[in-house]
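To keep things clear, I will list the structure first and then write my remarks on it.
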There are 2 protein chains.
Amino acid sequence: MPATLVDFEPTPRQGEVLDAALGLLVSAGDALTMSAVARQAKCSKETLYNWFGDRQGLLTAIVKWQASKVGIPEIDPTRLDAQGLRRSIENFGQSLLGVLTGEISVALNRVAISHAGSDHSQLGNIVLHNGRFAMGRRLKPVLEAGRAAGLLNFENSEEAFRSFFGLLVRDTQIRLLLGDAEATSPGQINTDAARATEQFIALFGAFPSGDTSPDP
Amino acid sequence: MPATLVDFEPTPRQGEVLDAALGLLVSAGDALTMSAVARQAKCSKETLYNWFGDRQGLLTAIVKWQASKVGIPEIDPTRLDAQGLRRSIENFGQSLLGVLTGEISVALNRVAISHAGSDHSQLGNIVLHNGRFAMGRRLKPVLEAGRAAGLLNFENSEEAFRSFFGLLVRDTQIRLLLGDAEATSPGQINTDAARATEQFIALFGAFPSGDTSPDP
DNA sequence: CATGAGCCGTACCGTACGTTACGGTACGGC
DNA sequence: GCCGTACCGTAACGTACGGTACGGCTCATG
């Protein structure tokens with residue numbers, strides 16, 4: 001089990017360095033070199049190694065730093081009417097899709113995926129737990145509250161979340177990761193979030209449809 | 001516009017070399033070196049460079065070679081009863097999910113994603129056009145035949161396919177790419193394909209539900 | 001003021017890897 | 001039998017980059 005989500009507390013100066021590294025990571029991808037980071041951040045390589053140990057540690061710190069900055073708006077599961085639930089889910093979808101299609105998320109996922117192939121670094125796990133899993137932890141209480149209020153119908157909230165994730169993201173993330181430059185506009189994000197919410201409620205809503213969610 | 005899907009016709013010996021490289025790619029990830037390929041394939045590096053130009057060319061050839069080997073079963077859109085359509089979609093889903101969760105696909109996508117970040121190589125595009133887009137081209141005629149027969153209801157077959165893709169794959173691919181070792185069993189694949197097909201038909205089926213696909 | 005910690009800039013080391021070069025071998029055609 | 005071609009094996013070259021060492025600067029603390 002991964003311990004804490006954010007167990008990294010950088011000093012202001014370290015934050016500046018990490019921001020510079022983040023910018024470089026977005027523009028240069030995995031070609032990020034220690035020398036380039038030092039140059040961009042106007043610090044010495046020795047400092048980088050003192051602070052972060054090695055390149056691996058720097059990358060890990062970058063991921064955690066970014067994770068600590070991204071805020072998906074907290075949703076309060078108290079508005080339990082159908083309209084409020086729908087809006088909560090849709091807003092969540094907008095935030096999630098906005099983050100996932102952002103160039104920072106794309107760059108971060110790219111390096112994590114690169115390293116997941118060869119060395120046994122924990123980068124992939126860190127991204128997974130600060131990204132995908134953290135998202136599930138946010139939305140699932142809302143879904144369960146919706147179920148408790150008789151608005152939704154599902155057995156496993158994890159499975160329900162995964163379906164929502166699929167309806168929302170579809171092939172967008174993998175296409176962006178592979179370099180397919182479909183300029184994801186904010187309007188597109190809102191449209192997609194609305195569509196995914198509609199479809200999710202059509203599948204898991206407990207309205208008198210009767211046969212939308214049977215398990216064969 | 002990408003020209004042809006398979007414009008690469010290797011000799012048998014070249015196929016052997018590419019198979020060896022493919023095996024190394026799966027086990028070693030992007031740490032694939034020219035020396036390792038030559039050693040594994042029992043050929044000289046000079047031959048590699050004569051045949052493929054440079055490392056980039058070798059990777060490109062590997063991707064195309066694998067793409068030429070993967071066969072998603074062709075579906076004939078003639079069986080237009082509801083049951084046949086459902087089975088066609090479900091079989092397609094099984095094949096697609098099986099390929100996507102295979103270690104070869106994961107390794108290939110990893111290197112393509114790595115290179116999409118830095119250099120301007122076409123690897124990402126090649127993977128995209130031989131993978132995701134080729135799949136769409138396979139299923140869309142089936143979906144359109146289903147619509148023509150009054151069994152499905154959608155406006156845009158591309159959008160419909162993307163929704164099916166999302167319902168089928170959900171977060172599975174990105175988790176595998178990030179190194180999340182959820183042993184994807186064949187049984188799980190069949191279950192997922194069945195579930196995705198159910199959900200897809202629930203959303204896009206033209207059965208007397210009446211309000212599953214309105215555009216707000 | 002003295003001192004020492006922390007940091008910057010830079011030079012440097014070791015190594016890994018892409019790429020090239022070259023000697024040696026097998027084989028089909030003249 | 002000789003030549004050209006294609007290939008293997010290996011050595012060598014150039015470069016890029018991770019990591020380290022060191023001199024000099026700043027500044028807080030005693």
Side-chain angles (χ1 to χ4, degrees), chain A residues 8-63 65 107 110-112 114-123, chain B residues 8-25 27-63 65 107 110-112 114-115 117-123:
Chain A
F8 179 63
E9 198 59 43
T11 68
R13 173 64 179 144
Q14 288 173 338
E16 287 178 31
V17 171
L18 289 174
D19 278 331
L22 206 41
L24 264 178
L25 193 66
V26 169
S27 61
D30 202 11
L32 183 79
T33 70
M34 301 298 278
S35 302
V37 172
R39 201 179 324 121
Q40 182 82 11
K42 294 195 189 311
C43 72
S44 75
K45 289 210 296 182
E46 183 177 11
T47 302
L48 290 183
Y49 284 99
N50 278 340
W51 284 350
F52 306 108
D54 55 6
R55 185 170 186 272
Q56 187 71 229
L58 174 63
L59 288 175
T60 304
I62 292 173
V63 170
W65 173 242
R110 282 208 183 114
V111 299
S114 306
H115 287 237
S118 41
D119 50 44
H120 293 183
S121 82
Q122 286 285 74
L123 263 190
Chain B
F8 180 65
E9 199 59 42
T11 68
R13 174 62 179 144
Q14 287 174 339
E16 287 178 30
V17 171
L18 288 175
D19 277 330
L22 207 40
L24 265 178
L25 194 66
S27 61
D30 202 10
L32 183 79
T33 71
M34 301 298 278
S35 303
V37 172
R39 200 180 322 123
Q40 183 81 12
K42 293 193 190 314
C43 73
S44 76
K45 291 208 280 183
E46 182 177 7
T47 301
L48 291 183
Y49 283 98
N50 277 340
W51 285 349
F52 307 108
D54 54 7
R55 185 170 185 273
Q56 188 71 230
L58 173 63
L59 288 175
T60 304
I62 293 173
V63 170
W65 174 241
R110 281 208 184 114
V111 299
S114 307
H115 287 237
S118 41
D119 51 43
H120 293 184
S121 82
Q122 287 285 73
L123 263 189

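Below, read A as the first sequence line, B as the second, and so on, with proteins coming before strands; counting in each chain starts at 1. Computation of the quantities below employed the complete heavy-atom set of this structure, encompassing side-chain atoms and omitting hydrogens, waters and symmetry-equivalent molecules.
- Listed by first and then second residue, the salt bridge (Lys or Arg N to Asp or Glu O under 4.0 Å) pairs involving residues 30-50 of chain B are B:Asp30-B:Arg55 (not counting sequence neighbours).
- Put simply, B:Trp51 has a side-chain N or O that comes within less than 4.0 Å of OP1 or OP2 on D:dC7.
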For nucleotides 18-25 of chain D, read 5' to 3', which letter fits each nucleotide if B means a protein heavy atom sits under 4.0 Å from the base, S means only the sugar-phosphate is that close, and - means neither?
BBBBB---
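- Atom pair B:Asn50:CG and C:dA21:C1' shows a separation of 12 Å (rounding to whole Å applied).
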Both distances under 3.5 Å, Watson-Crick or G-U wobble: on that basis, could you give the dot-bracket string for DNA chain C, with [ ] for crossing pairs and | for other-strand partners?
||||||||||||||||||||||||||||||
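- When all heavy atoms of A:Leu48 and A:Ala38 are compared, the pair lying nearest together is CD1-N, 3.9 Å.
- Distance B:Leu58 CG to C:dG18 P: 10 Å, rounded to the nearest Å.
- The shortest heavy-atom contact between A:Ala21 and A:Leu32 is O-CD1, 4.0 Å.
- Side-chain nitrogen and oxygen atoms of A:Thr47 include none within less than 4.0 Å of the OP1 or OP2 phosphate oxygen of C:dC7.
- One can place NZ of A:Lys42 at 19 Å from C1' of C:dG6, the figure rounded to the nearest angstrom.
- C:dG9 atom C1' lies 16 Å from atom CD of A:Gln40, rounded to whole Å.
- A donor-acceptor pair is defined here as one N or O able to donate and one able to accept, closer than 3.5 Å; such a pair exists between the side chain of B:Gln14 and the backbone of B:Thr11.
- Counting only distance, with no hydrogens or angles, the side chain of A:Thr47 and the backbone of A:Cys43 share no donor-acceptor pair below 3.5 Å.
- Residue-level contact check: B:Arg39 touches neither bases nor backbone, having no heavy atom under 4.0 Å from any strand.
- Look at CD on B:Glu16: it is 12 Å from P on D:dC7, rounded to the nearest Å.
- The shortest non-hydrogen separation linking B:Leu18 to B:Trp65 is CB-CD1, 3.5 Å.
- Closest approach of A:Val17 and A:Trp51 over heavy atoms only: CG2-CZ3, 3.7 Å.
- A pairwise comparison of heavy atoms in A:Pro10 and A:Gly15 identifies CB-N, 4.2 Å as the closest pair.
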